[in-house]
Chemist: 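Have a look at this one before I ask anything.
The first residue in the sequence is number 1, and the count goes up from there.
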Amino acid sequence: MTAHHRTPEWQRARREQRPRIEATLPQPCIECGRPIRKGDRWQVGHRVSVAIAKRKGWTTAQINSPRNLGPVHAKAPGQPACNQIAGGKLGAQIVNDAVRDATRLPKWW
């Protein structure tokens with residue numbers, strides 16, 4: 001969990017948006033596109049990740065805007081944890097990019 005996800009602003013946004021999103025289910029997962037139905041395990045996720053949004057200069061209000069939030073699969077039997085998978089891939093990409101830049105390898109490497 002990132003520092004952003006521990007902030008009161010995110011906790012409030014998540015708490016407010018979850019019932020609104022739940023009322024509109026079924027909806028596609030914002031990560032994998034498979035449907036999320038009532039009764040499925042899901043989380044409120046960011047359409048544009050926090051790390052990318054911060055790099056683009058977004059404010060906390062923009063990051064937590066209802067337009068940037070949607071349902072994403074949570075860990076459940078027979079279901080991938082799309083939110084954690086996407087976060088792990090992004091985190092690995094950020095670290096790998098930093099290592100590549102530090103070792104001065106060409107970008108195409």
Chemist: Which residue pairs satisfy the side-chain hydrogen bond (donor to acceptor under 3.5 Å, both in side chains) criterion with at least one member in residues 58-71, sequence neighbours excluded?
Modeler: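 Only His4-Asn64, His46-Asn64, Thr59-Gln62 qualify under side-chain hydrogen bond (donor to acceptor under 3.5 Å, both in side chains).
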Chemist: Could you check Trp42 against His73 for ring-ring contact (aromatic ring centres under 6.0 Å, His included), going step by step and ending with a plain yes or no?
Modeler: CA-CA 4 Å; Trp42 62 279; His73 289 109; over 10 Å; no
Chemist: Quick one: closest heavy-atom pair of Ile63 and Val50, and the distance?
Modeler: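 It is CG2-CG2, 3.9 Å.
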Chemist: Evaluate whether atom NZ of Lys38 has more than 12 neighbouring non-hydrogen atoms of other residues, nucleotides or ligands under 6.0 angstrom away.
Modeler: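 Yes.
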Chemist: For Arg14, give me all partners under side chain to side chain donor-acceptor pair (under 3.5 Å), at least two apart in sequence or on another chain.
Modeler: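 So Arg14 forms a side chain to side chain donor-acceptor pair (under 3.5 Å) with Gln11.
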Chemist: Enter the distance from Leu69:CG to Ile30:CD1 here, rounded to the nearest 0.5 Å.
Modeler: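 Output value for this atom pair is 7.5 Å.
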Chemist: Which heavy-atom pair separates Glu16 from Pro19 by the least distance, and what is that distance?
Modeler: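 For Glu16 versus Pro19, the nearest heavy atoms are O-CD, 3.5 Å.
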Chemist: Output the distance between atom OG1 (Thr7) and atom CZ (Arg12), rounded to the nearest 0.5 Å.
Modeler: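 Spacing of OG1 (Thr7) from CZ (Arg12) equals 8.5 Å.
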Chemist: Where is the tightest heavy-atom contact between Glu31 and Cys82, given as atom of each residue plus distance?
Modeler: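 Closest heavy-atom pair between Glu31 and Cys82: CB-CB, 3.8 Å.
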Chemist: Suppose we screen for side chain to side chain donor-acceptor pair (under 3.5 Å). Which residues come up paired with Gln27, at least two apart in sequence or across chains?
Modeler: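 Counting only residues at least two positions away or on another chain, Gln27 forms a side chain to side chain donor-acceptor pair (under 3.5 Å) with Thr24.
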